[in-house]
Student: 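My questions all concern the structure below.
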Protein chains: 2
Amino acid sequence: MVATQFACARPRLAARSAAQQHARRGLTVQCVAAPEQVTTKVQRNKNMGKLQAGYLFPEIARRRKAHQEANPDAKIISLGIGDTTEPIPPFIVDAMKAASEGLGTLEGYSGYGAEQGKPELREAICKRLYEKVGRKPNEIFVSDGSKCDIGRLQLMFGADVTVALQDPAYPVYVDSSVIMGMTGGHNGTGFDNIEYMVCRPENDFFPDLSKAPRTDIIFFCSPNNPTGAAATREQLTQLVEFARRNGSIIVYDAAYALYISDPNCPKTIYEIPGAEEVAIETCSFSKYAGFTGVRLGWTVVPEQLRYADGFQVINDFNRIMTTVFNGASNVAQAGGLACLQDAGWEQMLELVAFYKENAAILRKTFQDMGFTVYGGENAPYVWVGFPGQKSWDVFAEILEKCDIVTTPGSGFGPAGEGFVRASAFGHRGNIMEAVERFKKVYGKQ
Amino acid sequence: MVATQFACARPRLAARSAAQQHARRGLTVQCVAAPEQVTTKVQRNKNMGKLQAGYLFPEIARRRKAHQEANPDAKIISLGIGDTTEPIPPFIVDAMKAASEGLGTLEGYSGYGAEQGKPELREAICKRLYEKVGRKPNEIFVSDGSKCDIGRLQLMFGADVTVALQDPAYPVYVDSSVIMGMTGGHNGTGFDNIEYMVCRPENDFFPDLSKAPRTDIIFFCSPNNPTGAAATREQLTQLVEFARRNGSIIVYDAAYALYISDPNCPKTIYEIPGAEEVAIETCSFSKYAGFTGVRLGWTVVPEQLRYADGFQVINDFNRIMTTVFNGASNVAQAGGLACLQDAGWEQMLELVAFYKENAAILRKTFQDMGFTVYGGENAPYVWVGFPGQKSWDVFAEILEKCDIVTTPGSGFGPAGEGFVRASAFGHRGNIMEAVERFKKVYGKQ
């Protein structure tokens, strides 16, 4: 008889399975003792412990769910997370279908692609968006999205850099900085050792750079999420000059650039002379082609961008992309390529125009009701002021009274307090229904 | 006249574009001076500087390209990077096509999915592979692949943990540890402050745990890449007991588990009782369904796994996945779901069986020629010994004489010296052609 060391009591299923295996092999299983419960001796990463509650959007999803459960009949409309709702245009869908079909054939099959993206896609992105501002295909790294690229950029920079960001801002900049260890703990308002550059109506949503200290990294998003403010050429020139003077690196998030109408607002940071020596740009197909679930984006790292020791940043980013990433999905890349061909590009711009109409409708609604409203002209986000009120209270009130999910401004940073963000991503019918509900509740003020 | 600060000389294209914009707006552009060349003052991440040369596979690709350029007529066969070559089975392709098509319709469109993966996919993975060993759907995080998950796990653990890994091993474990800052510099053989657990024929490719020091994290891959060795139930029981005794966390890479034939080699670490308190498992559809380019994998973090302070690791991993990741591509997830349905599962296992036949052919070829060969029975990799020779020399010789790309064993760690890895991923015709070429050059020894 062979006595084994496998326990039978806990964990029950695993033990039973192991015991069965042995039984099948003709061994007799003897229950010796349940393994004692073990807690590892691994210390939790102290940076993870600094994070506050959940990431903003899961928290909103949680509250939405609770509201739905408490009000089973409520037809909740989401103007919350900026999630696309309209079908992907046919030219782009056809390319994805064809790519999927091809993977089932000997001729069309491909395995690992270049981690940096298909060469033809890098070229197409460059040609359509960056050639005229001097960028080259090898500087464009295709990815599964800007959010993920921001994480990889943080990993590349390491914990020893100092960081500034707009306040309010897309929460990933600050949360990934916390995770990577660039910040101190939370002080009740924000995190220590991070520079919050306040962007409020008073300063035209552009930081007062004359008072801003130098940091290594500056996260800057234009058109801005959440305020919808698009920086002008003059503002971005100031920003680039500030970075050049300080030897900083700007991480420029241009995920909404195609929503810009104002000809004085650049669609890429590289329209500003000298930006290529101080700026990385990240962008995405998510809000252009409805690729939020398909997952495709890119990051531009110019060859001219160098660390203090002269080392080219592009080489380190390439190493990151080849070591902890393995390329965006080939089907998504086929879709991205279609987005950049003339037919796909036109259909994509129509989609952007549709969401922009939504934004205009929402903007006008709030304006007509007497609210102070920002954004919504060069961005799919409308930023509505509720002076003197707490954002989360307004969020809760709108959810309660209108069955509408928005995003509380303070979720994007301390300077977002007193605002809520309304996203223009939605079916037209839902947007119109939301407008009616808003008017009913807030129309009299 | 308005003199602007935009330079006209360098960078030429950007400046011209800015100037044109101004001209259109009726401003006169005056060229003041070219901006001086700027190098940022950002210090390069010292961890990035510790990395050696390129990541292994891009380096091999470089050498292959050089060989092709020097020998334009050579018909190179790759048994190098483990890259799948056969079409994705029809049931799975159909699901991906349908998902793509659906994205073009109002009913079928979806935007952001849960960052952790579609609930039905998490359930299907659990049901097919983990239910019998006590795991639950909420413990399964769907991703764009194991390589990427390893990077995210490292980010979660942070720089302050100690790390052990098999030697030789998949290079991502060590490189991501270096990037994250867990290691010292390279000492000529390996990195300081990392525990290389030697796995050689002498110890049946299983580390001598009686001599291994405690570390926080233990990377363990079975069936192993590159040696092809699959750990037995007894060995894995030893490993789990070692981790439980030391309070370590095992990161168990099971990317090749379906290649296991030997009933005494577990297909998941959770077959070992008590593993759920000390082990994370990562796996992938890449080598099962030919998804190397489609990008889909998963990581299992049991609820029972806790840090020293009792905090559940699953909560931190969830935070990482929701903060610097945004879900795997919805088309890839539709494919993954099809893999787990009966029809897809059968077709997938046929594909695995095909590559296993390739492995058996390669294994026999080298054996017949008198080489000492390991692996190839429970894994798609054959590990061929060239005693007394340098792996990179053997790699170069095989490339030169046979026009065949292999992978030098030393690229996987110091203990891989004297071996090359032959991958069984290839069309049957190419495998047979490779066999003929090998026989011609090495058949006489």
Student: In terms of heavy-atom proximity below 4.5 Å to chain A, should B:L103 be classed as side chain, backbone, both, or neither?
Tutor: both

Student: At a 4.5 Å cut-off on heavy atoms, which part of A:V161 comes close to chain B: side chain, backbone, both, or neither?
Tutor: side chain

Student: Side chain, backbone, both or neither: which part of A:N47 has an atom under 4.5 Å from a heavy atom of chain B?
Tutor: neither

Student: Where does B:I81 contact chain A at under 4.5 Å (heavy atoms): side chain, backbone, both or neither?
Tutor: side chain

Student: Considering only heavy atoms, which portion of A:L305 lies under 4.5 Å from any heavy atom of chain B: side chain, backbone, both, or neither?
Tutor: side chain

Student: Is B:I92 close to chain A through its backbone or its side chain, or both, or neither, when contacts mean heavy atoms under 4.5 Å?
Tutor: neither

Student: Give me the atom names and distance for the closest heavy-atom approach of A:M48 to B:R319.
Tutor: CE-CB, 3.9 Å

Student: So what's closer than 4.5 Å to chain A heavy atoms on B:T215: side chain, backbone, both or neither?
Tutor: neither

Student: Got more than 12 heavy atoms from elsewhere within 6.0 Å of CD, B:E86?
Tutor: yes

Student: Relative to chain B, which segment of A:I150 carries a heavy atom at a distance below 4.5 Å: side chain, backbone, both, or neither?
Tutor: neither

Student: Chain A heavy atoms under 4.5 Å from B:A328: which part of the residue, side chain, backbone, both or neither?
Tutor: backbone

Student: Identify the heavy atoms of B:S329 and A:V294 that sit nearest to each other, and give their distance.
Tutor: OG-O, 2.9 Å

Student: Is it the side chain or the backbone of B:S248 that comes within 4.5 Å of chain A heavy atoms, both, or neither?
Tutor: backbone

Student: Heavy-atom cut-off 4.5 Å, strictly under: side chain, backbone, both or neither for B:N246 against chain A?
Tutor: backbone

Student: If I measure from the heavy atoms of chain B, does A:T105 come under 4.5 Å with its side chain, its backbone, both, or neither?
Tutor: backbone

Student: Might you point out which heavy atoms bring A:G290 and B:Y109 nearest each other, and give the distance in Å?
Tutor: O-OH, 2.6 Å

Student: Given 3.5 Å as the limit, does a donor-acceptor pair link the side chain of B:D175 with the main chain of A:T323, or not?
Tutor: no

Student: Is B:V331 in contact with chain A via its backbone, its side chain, both, or neither, using a 4.5 Å heavy-atom distance?
Tutor: side chain

Student: Taking side chain as everything from C-beta outward and backbone as N, CA, C, O, which of these in B:D160 sits under 4.5 Å from a heavy atom of chain A? Side chain, backbone, both or neither.
Tutor: side chain

Student: Name the region of A:D144, side chain, backbone, both or neither, that has any atom closer than 4.5 Å to a heavy atom of chain B.
Tutor: side chain

Student: Need one label for B:F311: side chain, backbone, both or neither, based on atoms under 4.5 Å from any heavy atom in chain A.
Tutor: side chain

Student: Name all residues meeting the side chain to side chain donor-acceptor pair (under 3.5 Å) criterion together with A:R214; count only those two or more places apart in sequence or in a different chain, and write none if there are none.
Tutor: A:D216

Student: With sequence neighbours excluded, tell me which residues meet ring-ring contact (aromatic ring centres under 6.0 Å, His included) with B:F157.
Tutor: none

Student: B:K287 versus chain A, heavy atoms under 4.5 Å apart: side chain, backbone, both or neither?
Tutor: side chain

